[in-house]
Amino acid sequence: MYPRIRPVLDDIPVYTPGKALSGLVKLSSNENPFPPLPGVLERATAAATNLHRYPDLAATELTAELARHLSVPAETLAVGTGSVGVLQQIVQSVAQLGDEVVYPWRSFEAYPIVTRIAGATQVEVPLTPAAALDLPAMADAVTERTKLVLVCSPNNPTGPAVRRAEFSDFLGRIPEDVLVVLDEAYVEFVRDPEVVNGLDLFAAHANLCLLRTFSKAYGLAGLRVGYAIAHPPVAAALRKCAVPFGVSTIAQLAAIESLRCEDAMRARVSAVVGERTRVRSGLIEQGWQVPETEANFVWLPLAGRTGDFAAACQRSGLLVRPYAPDGCRVTIGGPAENDLFLRVAAEWRSSEVAA
Ligand SMILES: *Cc1c(COP(=O)(O)O)cnc(C)c1O
């Protein structure tokens with residue numbers, strides 16, 4: 001006989017991380033192929049001498065740096081343990097049993113998990129045939145029970161991003177007391193000038209909350225720092241729902257130092273974006289259908305052959321991320337890693353044509 005666990009947990013999928021096997025090329029977790037930015041490791045290791053102290057609960061210096069960097073008031077910021085941690089704070093702040101959370105599907109696998117943990121009801125809105133978010137359908141899915149709408153742009157794992165004009169129309173259709181979260185984990189990788197940047201719309205919409213992270217463009221996935229930009233009453237609620245002292249001193253200082261390396265960050269992101277263009281063109285030349293991507297990954301809509309493709313990649317020393325039964329997501333890595341992926345993809349195509 002064991003203690004009783006909330007029955008809702010029975011239906012919660014376990015978060016499946018991208019595989020990591022030593023000796024294999026890992027393109028399964030949307031990580032940055034570059035190491036931490038210059039000076040970050042030094043700052044982080046120096047901070048390790050203070051491991052017997054609690055971190056600054058309010059992340060005061062990081063919050064001030066972010067406020068300057070983003071030109072937003074510090075009171076609009078809430079920092080957390082990765083943007084997934086902040087997302088959990090968001091859901092806990094607005095949704096409980098019986099409430100509905102609307103989000104696209106297929107999208108970020110944390111969305112159903114944090115929704116269910118809060119006891120709220122998932123309302124999943126299918127993507128368009130181009131693997132993009134269907135914002136009109138998402139607006140249609142909002143009811144009087146909806147407390148939260150999650151918009152992922154660019155969408156993980158498929159790649160397309162939301163355009164500014166469609167997002168404005170969408171916001172116009174969402175009741176003002178429903179929180180809209182624009183998850184911009186990959187915003188630094190966006191090149192299409194028509195794609196929305198949440199900061200441009202933030203001031204005009206009291207129900208808009210932006211979600212950003214140091215895990216992708218800044219290359220700090222292992223340290224767990226993310227933040228929300230939300231209007232003061234929402235940001236205050238998010239801070240209340242944070243795990244106290246969740247963001248370590250090392251993480252806070254590494255994030256501050258990373259913000260000071262903006263030029264180096266942009267150069268690295270440009271290199272990844274260049275590789276993204278090369279990889280996607282190469283795949284299209286091979287005959288693959290690849291949705292647009294504004295992020296650091298490409299999507300192969302393999303449907304029923306998703307698992308087979310991931311296994312074929314692994315046999316060639318490459319880890320990709322299968323999302324059966326929809327497709328595989330492949331992160332853009334360094335040039336040699338991407339060459340390996342293109343080789344495996346070409347072999348797969350020729351075996352398919354032969355079959
Ligand atoms: C990677 C990712 C995040 C960020 O996760 P962290 O917790 O900050 O590492 C958030 N949203 C989406 C859509 C992502 O792909």
Side-chain angles (χ1 to χ4, degrees), residues 11-33 82 84 103-114 116 122 124-133 152 154-160 183 185-186 189 215-216 221 272 275-276 279-280 282-284 286-334 336-353 355:
D11 314 327
I12 294 182
V14 175
Y15 190 106
T16 319
K19 273 194 187 179
L21 292 172
S22 62
L24 271 65
V25 169
K26 188 181 180 210
L27 299 181
S28 54
S29 294
N30 292 350
E31 292 155 342
N32 198 311
V84 174
Y103 55 83
W105 200 253
R106 173 151 314 254
S107 189
F108 188 33
E109 69 175 311
Y111 296 162
I113 297 173
V114 295
R116 298 289 288 164
Q122 302 143 269
E124 299 185 337
V125 179
L127 302 179
T128 69
L133 268 57
C152 193
N155 189 49
N156 176 7
T158 58
D183 184 343
Y186 304 94
F189 297 91
S215 295
K216 308 288 160 57
V272 171
E275 282 292 287
R276 171 179 87 195
V279 168
R280 182 164 180 264
L283 292 168
I284 289 170
Q286 292 174 13
W288 291 89
Q289 289 202 346
V290 190
E292 286 177 14
T293 174
E294 293 289 330
N296 68 342
F297 52 82
V298 290
W299 173 251
L300 301 177
L302 282 145
R305 308 209 58 200
T306 296
D308 292 345
F309 181 78
C313 287
Q314 190 162 334
R315 281 194 296 276
S316 300
L318 177 65
L319 297 169
V320 301
R321 182 70 170 84
Y323 292 95
D326 296 342
C328 277
R329 185 193 70 195
V330 186
T331 306
I332 303 298
E337 296 172 324
N338 302 330
D339 284 344
L340 171 61
F341 166 48
L342 285 171
R343 246 185 346 262
V344 179
E347 279 164 23
W348 176 272
R349 287 293 304 176
S350 47
S351 70
E352 266 198 332
V353 171

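- Nearest heavy-atom pair, Arg305 versus Glu352, reported as atom, atom and distance to 0.1 Å: NH1-OE2, 3.0 Å.
- Within the 3.5 Å criterion, the main-chain N or O of Leu342 finds a donor-acceptor partner in the side chain of Gln286.
- Contact of the Leu283 side chain with the Phe341 side chain is registered, since non-hydrogen atoms from C-beta on lie closer than 4.5 Å.
- Within the 3.5 Å criterion, the main-chain N or O of Ala131 finds a donor-acceptor partner in the side chain of Thr158.
- Scanning all heavy atoms of the two residues, the minimum distance from Thr306 to Pro325 falls at OG1-C, 4.2 Å.
- By the 4.5 Å heavy-atom criterion applied to side chains, Asn338 and Ile332 are counted as neighbours.
- Side-chain contact between Val279 and Val330 is absent, with no heavy-atom pair separated by less than 4.5 Å.
- Between the Asn155 side chain and the Arg106 main chain, a donor and an acceptor come within less than 3.5 Å of each other.
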Assess whether ring pair (Phe, Tyr, Trp, His ring centres under 6.0 Å) is satisfied between Phe297 and Tyr186, documenting all intermediate values.
CA-CA 10 Å; Phe297 52 82; Tyr186 304 94; 5.2 Å; yes
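- For the pair Asn32 (side chain) and Lys216 (backbone), a donor-acceptor distance under 3.5 Å is present.
- With contacts defined as side-chain heavy-atom distances shorter than 4.5 Å, the pair Trp288/Leu302 qualifies.
- In this structure, the side chain of Thr128 engages the main chain of Ala130 through a donor-acceptor pair within 3.5 Å.
- Within the 4.5 Å cutoff, the side chain of Trp299 has no heavy atoms near those of the Thr293 side chain.
- Although no hydrogens or angles enter the test, the distance criterion places a donor-acceptor pair under 3.5 Å between the side chain of Arg329 and the main chain of Ser28.
- Shortest non-hydrogen contact noted between Phe309 and Ala345 is CE1-CA, 4.4 Å.
- A donor-acceptor contact shorter than 3.5 Å is absent between the side chain of Thr331 and the backbone of Gly333.
- Looking only at side-chain heavy atoms (C-beta outward), Leu300 and Val290 come within less than 4.5 Å of each other.
- Side-chain contact between Gln122 and Trp105 is absent, with no heavy-atom pair separated by less than 4.5 Å.
- Residues Glu337 and Lys26 have side chains not in contact (no heavy-atom distance under 4.5 Å, counting atoms from C-beta outward).
- No side-chain donor from either of Asn30 and Arg321 sits under 3.5 Å from a side-chain acceptor of the other.
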